[in-house]
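Down below is the structure, laid out as structure tokens.
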Amino acid sequence: MFLLEVNPLVLPDIGLVFWNTIAFLILLIVLGKFAWKPMLKAIAERESGIEEALLRADKMKAEIAAMQNENEALLAKAREERAGMIKDAKDTADKMVSDAKDKAKQEYERIISDAQLAITQQKNAALTEVKNQVGSLVVEVAEKILRKELSNKAEQESYIKQIAEGVKLN
Amino acid sequence: MASRPIKSLLVLCLSLVTMCFSGNVFANEKAGSHEVKTEGHEAKAFNVTETILEHIKDDHSWHLWGQTSLSLPVILYTPKGFEVFSSAKFMNEHHEHIAYKGNYEYKIIEGKVKIVKLVDATEAVDIEASKALWDFSITKNVASLFVSVLILLVVLLTAAGAYKKTGVTSAPKGVQSFMEPIVLFVRDEVAIPNIGKKKFAKYMPFLLTIFFLVLTNNFLGLIPFFPGGANVSGNIAFTMTLAVCVFIVVNLSANKSYWEHIFWMPGMHWSMKLFLAPIELIGVFTKPISLMIRLFANITAGHILVLSLICLIFIFKTVYASAIAVPFAVFIGLIELLVAFLQAYIFTMLSAMYIGMATEEHHHEAHEHEGHKNVAHH
């Protein structure tokens, strides 16, 4: 109390205390309702918005990465399929060519064998004809010769004798 | 590295100045007393203390320039009722203090309104009657406080309105962009670390209002002329009111465990509990009192320092003293700028800390440790 009376600086005036209380309460109520509340709300909203946006961006990034992976997988699969298809086509083509070749060869062989068969048949026919003609000729000639040779009796007998000698009865 | 010699030079200059200063004050006092003795009241010696106190104390008029000052309304409550009149009534045309006759005879004695009575044809303070006098005048400090309230309302309501206008998602503009970082600072550096994420929102309006009110008045106090010039945040009534508000908020929001820690410290021997209870109880009151004294002393000390440096010129009675006094006054002024912000921050931070301590949920394993910390604290 002594200090309060000695130093006027540490003696609070009731007037200032009174007005200060009023001023502070007015500030607290008015600012609290019309300044701090909207400001803090707006800031919080903005912060949550930013957070949300960041989260969304992260999610999108993950999605994009997943999509990229998927794309790559699809691409790889497509590539594989293409390679398979090309291989199949090639195989088919090869097979077709070899089949054609085989078939051609068979046909060729068949034609050749047919031809050979025909040739042999014709050759045989020709040979038979020749043989027949030669046979008949020989018979004709032999008939003519025999007719001429055996025109006398003596000669006929010698010949029979000759043949008989040739035939051995055993 | 280079700042070391500059620092030592500064220290040297300062000590030299203080030595001269103290010597001169002694000389001045001697001369002053001599003058008073020989010539009476006519030759008034320059009184440093009086000059400085005059600038720091509250006043019933607001000095504008030269002999012109703004007369502020005087509101008095006496057993005979309310009385309102202009403080100009206390001055005559020669700028001398005179008594004003209302319900009583009022006169300003040492800056305060007192009831005077005639004793042996001279006016003397009627101490008994003055005790029943309640002075609710709009003094310089009250007017300056209202100015700060007005500034805060205009600036902050404009800033808050900007959110409605531009929406939430757009970046802040203008006043809004200046205020938002400060609001965020109070929220992220003061409220959340001290009170915790769960409970801070309830106390944000209170902390923000305290911070901005103290900050604005600290800054206004640094302006040496009209809109500023009053020493509001360096006035004990102002800091006391805010400290009482903090005291009320802290104790109203205190939970059971806070009171338990004050009256019956858990995890201690019963004798220790008995010993600690009064200490903790005193702590309940010393916390707001320390808030009150810290802000008052810091701001007042800064003003006294600047005024003392300026007074050097009048003590030496030479204009050349300003060569040292003015740079130092500017230097201290810059420090005061820092202090103005720092003290607003510290006041708010400690308020938040006290609220945080009062609302904290204690865990049982932490009891012993907490107890030791509190003992060390006191």
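Just so it is clear: chains get the letters A, B, ... in the order the sequence lines come, proteins before strands, and each one is counted from 1. Nothing here was measured: the structure is a model prediction, and the numbers come from that model.
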Original post:
Are B:L76 and B:D135 close enough that some pair of their side-chain heavy atoms sits under 4.5 Å apart?
Top reply: yes
**OP:** Give the C-alpha distance, both sets of side-chain angles, the deciding distance and a yes or no for side chain to side chain donor-acceptor pair (under 3.5 Å) between B:Y106 and B:E83.
**Re:** CA-CA 11 Å; B:Y106 303 111; B:E83 257 182 295; 2.5 Å; yes
So for [X], is it side chain, backbone, both, or neither that comes closer than 4.5 Å to the heavy atoms of chain A?
X	value
B:L53	side chain
B:N235	side chain
B:K112	side chain
B:L208	both
B:F212	side chain
B:V149	both
B:N231	neither
B:S148	neither

Original post:
Is chain B contacted by the side chain of A:L40, its backbone, both, or neither, given a heavy-atom distance below 4.5 Å?
Top reply: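 Side chain of A:L40 only, per the 4.5 Å heavy-atom cut-off to chain B.
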**OP:** Let me know if A:F34 has heavy atoms under 4.5 Å from chain B in its side chain, its backbone, both or neither.
**Re:** both
Subject >> Any residue meeting ring-ring contact (aromatic ring centres under 6.0 Å, His included) with B:Y203, in chain and number order, not counting sequence neighbours >> reply: none
Original post:
salt bridge (charged side-chain N to carboxylate O under 4.0 Å, His left out) with A:R56: which residues, sequence neighbours excluded?
Top reply: A:E52
Original post:
So among B:T239, B:N218, B:L145, which one has a side chain to side chain contact (heavy atoms under 4.5 Å, CB included) with B:S233?
Top reply: B:N218
**OP:** For chain B, find which of A:I50, A:L28, A:V30 contributes the most heavy-atom pairs closer than 4.5 angstrom.
**Re:**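 Among the listed options, the one with the most contacts to chain B is A:L28.
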Original post:
So which of A:K37, A:K33, A:E47 has the largest heavy-atom pair count under 4.5 angstrom toward chain B?
Top reply: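 Greatest number of close heavy-atom pairs with chain B: A:E47.
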**OP:** Go through the steps for B:I236 and A:L11 under the test side chain to side chain contact (heavy atoms under 4.5 Å, CB included), then give the verdict.
**Re:** CA-CA 7 Å; B:I236 196 117; A:L11 188 70; 5.9 Å; no
**OP:** Select, from B:R187, B:M240, B:M292, the one with the greatest count of heavy-atom pairs under 4.5 Å involving chain A.
**Re:**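 Of the candidates given, the most pairs with chain A belong to B:R187.
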Original post:
When the ring centroid of B:F296 is compared with that of B:F238, is the distance short of 6.0 Å?
Top reply: no
Subject >> Neighbour count >12 (heavy atoms, 6.0 Å) for atom CG, A:L137 >> reply: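 Counting neighbours around CG of A:L137, more than 12 heavy atoms of other residues, nucleotides or ligands fall under 6.0 Å, so yes.
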